[in-house]
Number of protein chains: 2
Amino acid sequence: MVSPQSGPGKAPTPPARAPRVTAAEVAAKAGVSTATVSLVANGKTSGRVSAEIVARVAEAISELGYVVDSAGSSLATGAGNFVILIAPDISNAFYSQVITGIRAAIGPDYQLLLSVTGNGRFPAVRDVRKLLALRPAGLLVDAPSEQFLAELAATGPLVLLDAPGSGGTAPRVNFDVEAGAAELAGHLAACGHRTVAYLDSVTGTQTFQARRRAFRVTAEQLGIRVLDGAIPSTTIDLGAAAEAFAAAWPQLAAAGVTAVACATDTQAFGVLQAARKLGLAVPGALAVTGFDDLAFAGSSDPGLTTVRLPAAALGEAAGNQLKTLLAGRAPACTLINLATELVIRESTGLRT
Amino acid sequence: MVSPQSGPGKAPTPPARAPRVTAAEVAAKAGVSTATVSLVANGKTSGRVSAEIVARVAEAISELGYVVDSAGSSLATGAGNFVILIAPDISNAFYSQVITGIRAAIGPDYQLLLSVTGNGRFPAVRDVRKLLALRPAGLLVDAPSEQFLAELAATGPLVLLDAPGSGGTAPRVNFDVEAGAAELAGHLAACGHRTVAYLDSVTGTQTFQARRRAFRVTAEQLGIRVLDGAIPSTTIDLGAAAEAFAAAWPQLAAAGVTAVACATDTQAFGVLQAARKLGLAVPGALAVTGFDDLAFAGSSDPGLTTVRLPAAALGEAAGNQLKTLLAGRAPACTLINLATELVIRESTGLRT
DNA sequence: CTGAAAGCGCTTACAG
DNA sequence: CTGAAAGCGCTTACAG
């Protein structure tokens with residue numbers, strides 16, 4: 001009958017923390033041991049606890065509003081009941097769909113928490129360790145750099161998202177960015193472009209290297225000259241991309257550049273914005289393209305030609321892989337490659 | 001000298017978890033007790049541990065790569081060293097800046113984790129409890145509903161963001177959305193609009209009620225008729241807003257609506273997209289406005305007139321308030337109201 | 001079918 | 001200045 005609210009002797013030392021309901025309180029109320037409470041709370045009762053007692057304990061749990069304490073549980077079992085998604089830029093609109101997919105896949109048994117890092121940057125060793133010290137049940141890592149992956153070395157259930165070419169044994173779910181990049185290069189060639197610049201993301205990430213390389217290779221096969229690095233790489237930030245492009249434009253113009261391919265839609269929007277300020281007609285004077293197909297791509301001025309990456313499908317596939325891992329099984333398929341698709345809008349057009 | 005990697009008797013039962021370095025191992029290596037390791041690891045040594053021992057332990061810590069285990073620490077102290085931000089739609093581009101502000105303010109002592117919920121929806125009681133069971137050191141809650149706040153009742157360090165009019169005693173950092181909404185109404189009146197529709201967010205959230213109410217009140221004072229609910233409220237999603245607007249347009253047109261004010265930029269982008277598909281000239285046939293001033297607002301077609309909400313400042317102020325709370329102090333100021341500003345672009349214009 | 005007890009890794013009075 | 005010990009809340013063999 002330990003009523004936490006009414007205990008007169010409760011030490012009021014810390015702030016006004018909510019009184020934590022413990023298994024011991026539930027046990028007392030139901031007249032059983034904490035071991036039994038644990039069994040019931042975790043649904044491990046089959047053939048181990050009588051139906052009558054299960055009912056009694058369940059009632060006490062719901063009356064008291066008991067929730068298994070994560071710290072205690074983690075300590076005893078080795079890991080908590082939550083999963084952490086690490087991504088370089090979670091606030092990118094792109095992740096909204098990825099996250100929705102993940103949640104749908106992992107279900108209600110695990111909480112999904114996001115680790116936030118700087119703009120398009122990955123956390124330092126130090127931060128990774130702190131994250132691991134939290135004892136997540138599993139980790140989802142989006143668009144990791146090689147270095148990051150190395151630091152992460154062998155840490156329990158792990159699924160990689162959008163991580164082409166990474167070593168290691170973790171299951172991966174990728175976009176077929178190469179096919180998309182090639183298709184994009186083909187489109188620009190068909191539009192008559194002969195000299196283009198590529199604006200890359202500053203993140204040292206495989207997926208961006210793959211986009212850039214595939215674009216370049218196909219473009220050059222088709223007789224397009226690709227000015228690599230003519231625009232310094234930027235974070236995945238509209239403003240940063242706008243600035244970088246504006247600064248580089250005189251040089252690009254002199255070199256005869258008629259199109260800029262960007263590693264992400266967000267950067268492409270920045271280029272569009274800068275182009276407008278510079279008085280450049282798009283696509284007349286300059287064509288612009290991205291990767292992602294964010295919802296905004298349909299309402300930018302002009303609409304953005306971009307390589308669509310199926311974000312929700314990525315999240316869902318990754319969530320499913322992780323769930324398999326968490327259940328202690330090996331995924332049937334260790335590498336999933338999702339098809340991409342070129343979406344043509346007004347930001348590119350036939351050159352006359 | 002317990003080297004975790006080399007122990008031959010290590011049970012290989014679970015997956016390939018990284019060997020966890022414990023305080024006991026550090027203590028053994030440094031020839032001290034775990035109590036001393038704890039003191040050193042937490043920087044609580046001043047006047048309690050000799051410089052020589054501090055150095056010895058620190059060296060062992062860095063050699064072993066020891067990180068204080070969050071579960072153990074949480075259990076012992078009552079709370080972990082991380083903070084959770086709960087927001088209805090974290091993948092909104094808006095939060096990128098809020099998060100940056102928060103991180104800058106709380107510094108490296110606390111990890112920032114985001115709780116992800118559905119599109120513009122708040123987590124259920126069940127999820128909140130699971131979150132609290134994780135024992136966060138503090139909570140930041142953005143744009144909460146009344147109901148959510150009630151469920152949260154008295155749970156240690158808590159700061160509310162963009163939560164006008166909420167009861168309770170938690171420190172709050174708000175936008176002065178009323179002033180912005182009034183300014184917006186004034187602008188539409190000056191442009192000659194006489195009948196406007198308001199597209200609200202479906203979230204049952206104070207900040208949205210405040211935006212809507214303030215807009216309506218000022219608009220009506222200025223002789224504008226506001227069609228409330230003529231467009232059903234939507235989630236903060238471009239596509240949902242586009243659909244809702246398109247479906248409602250025949251009715252709006254019949255009622256003489258010449259402008260749509262949206263609760264968020266994202267929804268406004270949806271209306272812009274739908275208007276384009278319907279062949280409506282913006283702002284000629286229809287003016288559109290939002291709230292936020294996302295980076296995209298400058299590159300939509302046409303540029304979006306919107307009430308700028310200083311997102312980074314919000315995050316930073318909230319982070320500072322929380323830090324004060326975490327330090328056990330009471331914030332000097334319990335309600336911070338950040339100024340907003342109307343940004344006029346091409347999506348609104350003088351009516352002829 | 002049920003409970004007593006050990007142990008997960010840490011922190012914090014308390015002795016010395 | 002330093003360490004032995006209790007305790008945070010839970011889970012899991014192990015007895016019964």
Side-chain angles (χ1 to χ4, degrees), chain A residues 2 4 10-11 13-14 17-28 30-57 61 64 66-81 130 132-135 137, chain B residues 2 4 10-11 13-14 17-28 30-57 61 64 66-81 130 132-135 137:
Chain A
V2 182
K10 283 282 169 204
T13 338
R17 293 248 167 226
R20 196 177 291 284
V21 180
T22 68
E25 288 162 18
V26 176
V32 298
S33 72
T34 59
T36 303
V37 171
S38 174
L39 258 15
V40 175
N42 292 297
K44 298 182 177 174
T45 56
S46 80
R48 304 217 254 163
V49 185
S50 68
E52 183 200 0
I53 291 211
V54 169
R56 194 139 42 96
V57 173
I61 285 178
L64 259 25
Y66 171 68
V67 179
V68 177
D69 181 80
S70 183
S73 174
S74 298
L75 205 50
T77 63
N81 61 336
K130 279 194 180 174
L132 294 177
L134 251 27
R135 302 198 181 211
Chain B
V2 183
K10 283 282 170 203
T13 338
R17 294 245 166 230
R20 195 177 293 285
V21 179
T22 66
E25 288 163 17
V26 176
V32 300
S33 72
T34 60
T36 304
V37 172
S38 175
L39 258 15
V40 175
N42 293 296
K44 298 182 177 172
T45 56
S46 76
R48 305 217 254 162
V49 185
S50 68
E52 184 200 0
I53 291 211
V54 169
R56 192 137 46 93
V57 174
I61 286 178
L64 260 24
Y66 171 70
V67 180
V68 176
D69 181 80
S70 182
S73 174
S74 297
L75 206 49
T77 62
N81 61 335
K130 280 194 180 173
L132 293 177
L134 251 27
R135 301 196 180 212

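A, B, ... follow the sequence lines: proteins, then strands. Residue 1 opens every chain. Bear in mind the structure is a predicted one, so any value in this text is a computation, not a measurement.
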- Message: Please classify the nucleic acid contact of B:V37 as base, sugar-phosphate, or nothing, using heavy-atom distances under 4.0 Å.
- Response: nothing
- Query: Just to confirm, is there a sub-4.0 Å distance from OP1 or OP2 of C:dC10 to any side-chain nitrogen or oxygen of B:S73?
  - Reply: no
- Nearest-angstrom distance from the residue atom CG of B:D69 to P of D:dC10: 17 Å
- Message: Measuring only between side-chain heavy atoms, which start at C-beta, is B:L132 closer than 4.5 Å to A:R20?
- Response: no
- Interface with DNA chain C, restricted to residues 43-56 of chain A and to heavy atoms under 4.0 Å: A:G47, A:R48, A:V49, A:S50, A:I53
- For A:I61 and D:dG9, what is the distance between atoms CD1 and P respectively, to the nearest whole Å? 16 Å
- Message: Please determine whether a side-chain nitrogen or oxygen atom of A:T36 lies at a distance below 4.0 Å from atom OP1 or OP2 of C:dG3.
- Response: yes
- Task: Please work out if B:V68 contacts a base, only the sugar-phosphate, or nothing of the nucleic acid, heavy-atom cut-off 4.0 Å.
- Result: sugar-phosphate
- Spatial distance of atom NZ (B:K44) from atom OG (B:S38) [nearest 0.5 Å]: 7.0 Å
Produce the list of close N/O pairs, under 3.5 Å, pairing protein atoms with atoms of nucleotides 5-7 of chain D; give distances to one decimal.
none

- Search all heavy atoms of A:T45 against all heavy atoms of A:V40 and return the closest pair with its distance. CG2-CA, 3.6 Å
- Message: Under 3.5 Å for both donor-acceptor distances, Watson-Crick or wobble: does C:dG16 have a partner, and if so which one?
- Response: D:dC1
- Item | Phosphate-side-chain proximity, B:T22 and C:dC8, N/O vs OP1/OP2 below 4.0 Å | no
- Can you list the residues that meet the side chain to side chain contact (heavy atoms under 4.5 Å, CB included) rule with B:V67, with sequence neighbours excluded? A:R129, A:A133
